[in-house]
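Below: the structure, in structure tokens.
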Amino acid sequence: MLLGPVVERSSRFESMKVVVLAGGVGGSRFLRGMRAQLRRTQPDGSVGTSAELTAIVNTGDDLWLAGLRITPDLDTIMYALAGINDTERGWGRVGETERVAGELREWGIGWPWFTLGDLDLSASIARSSWLRDGVPLHEVVERLQARWPEVGVRLLPATDDEVETHVVVDSPDSPGVTTELHFQEWWTRYRASLPALAFVQHGVESATPAPGVLEAIAVADLIVLGPSNPVVSIGTILAIPGLRDAVRATSAPVVGVSPIIGGAVVRGMADACLTAIGVETGAAAVARHYGSRAAGGVLDGWLLDTVDAASAAGLTAEGIETRAVPLWMTDEALSAALAGDVLELAAQLGRTTR
Ligand code: FO1
């Protein structure tokens, strides 16, 4: 018995494969915590490979601008995990300058409301150059992140295909006429202030999951729906044909983390998006929106903040094993603690769902 726990523990973590579905800022904070937590729970001196952490990242925010392919969520996560992100703005690079953007504005190239810094542009120029050479997006991401091995998380775009989220709004120029804006214009130019009548994912019907995505889900020991926008980030990932079914079919527990605390978004515009699809901005409402796997949804477990603890029992009774834990990730230690809570719930579920 002496060897039992040690072998069991090291074997449990030795090859633990965790897959996180993520959008931009919330996703990168959570991934930083999970990365720290997995490293910290590796038994010191344990034999064998360390845990594998894979992020399946939303690409619906992506766009062509100034002749370049911009991939905001992939870049936000890559920069944050490489420690070179602008933590104030939540996107782009730290120590950024905007000399090229100033020149482009003189020619009316790009969008004045969408700032592409000089360092940030370098990634988009490299990406666009490789894409023009026929390199698929998942390989472009691999090449870009190879510069920063400390990222320590395998970044996978949900799909290599261009599937862009557009927002249907009442035209700001001619009221009564509906028009479609790219999600980035709706968010960065209008700050999601124009009521979204609908979200459209152009090209989603013919899109396929990027190579490696379905395989990562099939062999995972844990799938996490990160604390990202349930509509335009997590929803967009799950809408890629085959992805939702793969999550529902996996033998791993599926645990979600609420992006809503006390009826309010942590940051971003998830409330505007949830309202647009008729879902209340609440931790329990989002869990029900994802649905319990037993009832045809994707969740086995759900983490909501202690301020929303009253909702936990009801969700558990509906087949979504729910825990109330601190969700605010204001530093890496808190993010790691939250990741620990996810691993703990998954371990409890793992014994029941396998
Ligand atoms: N967000 C803004 O609010 N204003 C910007 O000018 C802006 C520029 C930008 C450039 C590159 C990039 O990767 C992201 C950028 N973002 C900007 C953030 C972006 O809108 C968000 O990261 C997501 O797409 C929304 O979750």
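In listed order, ligands and their atoms are each counted from 1. Since the model is a prediction, treat every value here as computed from it, not as a measurement.
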Open item on the list: Show me which atoms of ligand 1 lie under 4.0 Å from any heavy atom of Phe114.
Closed with: 6 (O), 8 (C), 9 (C), 10 (C), 11 (C), 15 (C)

Open item on the list: List ligand 1 atoms under 4.0 Å from Asp120, heavy atoms only on the residue side.
Closed with: 10 (C), 11 (C)

Working to the nearest 0.5 Å, report the span between [atom1] of [X] and [atom2] of [Y].
X      : Y      : atom1 : atom2 : answer
Leu338 : Leu343 : CG    : CG    : 10.0 Å
Asp120 : Asn85  : CG    : CG    : 11.5 Å
Leu63  : Thr71  : CG    : OG1   : 9.5 Å

Location of contacts on [X] toward ligand 1, heavy atoms closer than 4.0 Å:
X      : result
Arg191 : side chain
Asp61  : side chain
Asn229 : neither
Trp187 : side chain
Gln184 : side chain

Among all protein heavy atoms, pick out the one at the shortest distance from [atom]; state its residue, atom name and that distance to 0.1 Å.
atom                    : result
atom 1 (N) of ligand 1  : Trp91 NE1, 3.3 Å
atom 6 (O) of ligand 1  : Thr115 N, 2.9 Å
atom 2 (C) of ligand 1  : Thr188 CG2, 3.5 Å
atom 13 (O) of ligand 1 : Pro72 CA, 3.2 Å

Open item on the list: With respect to Asp75, determine whether any N or O atom, backbone or side chain, lies less than 3.5 Å from an N or O atom of ligand 1.
Closed with: no

Open item on the list: In this structure, is the centre-to-centre distance between the rings of Trp186 and Phe199 below 6.0 Å?
Closed with: yes

Task: Aromatic contact, Tyr290 with Trp302 (centres under 6.0 Å) - done: yes

- [ ] Inspect the contact between Arg293 and Asp300 and indicate whether a charged nitrogen and a carboxylate oxygen are less than 4.0 angstrom apart.
- [x] yes

Task: Salt-bridge criterion met for Asp75 and Arg127 (N-O under 4.0 Å) - done: yes

- [ ] Inspect the surroundings of CD in Glu150 and state if more than 12 heavy atoms from other residues, nucleotides or ligands are less than 6.0 Å away.
- [x] yes

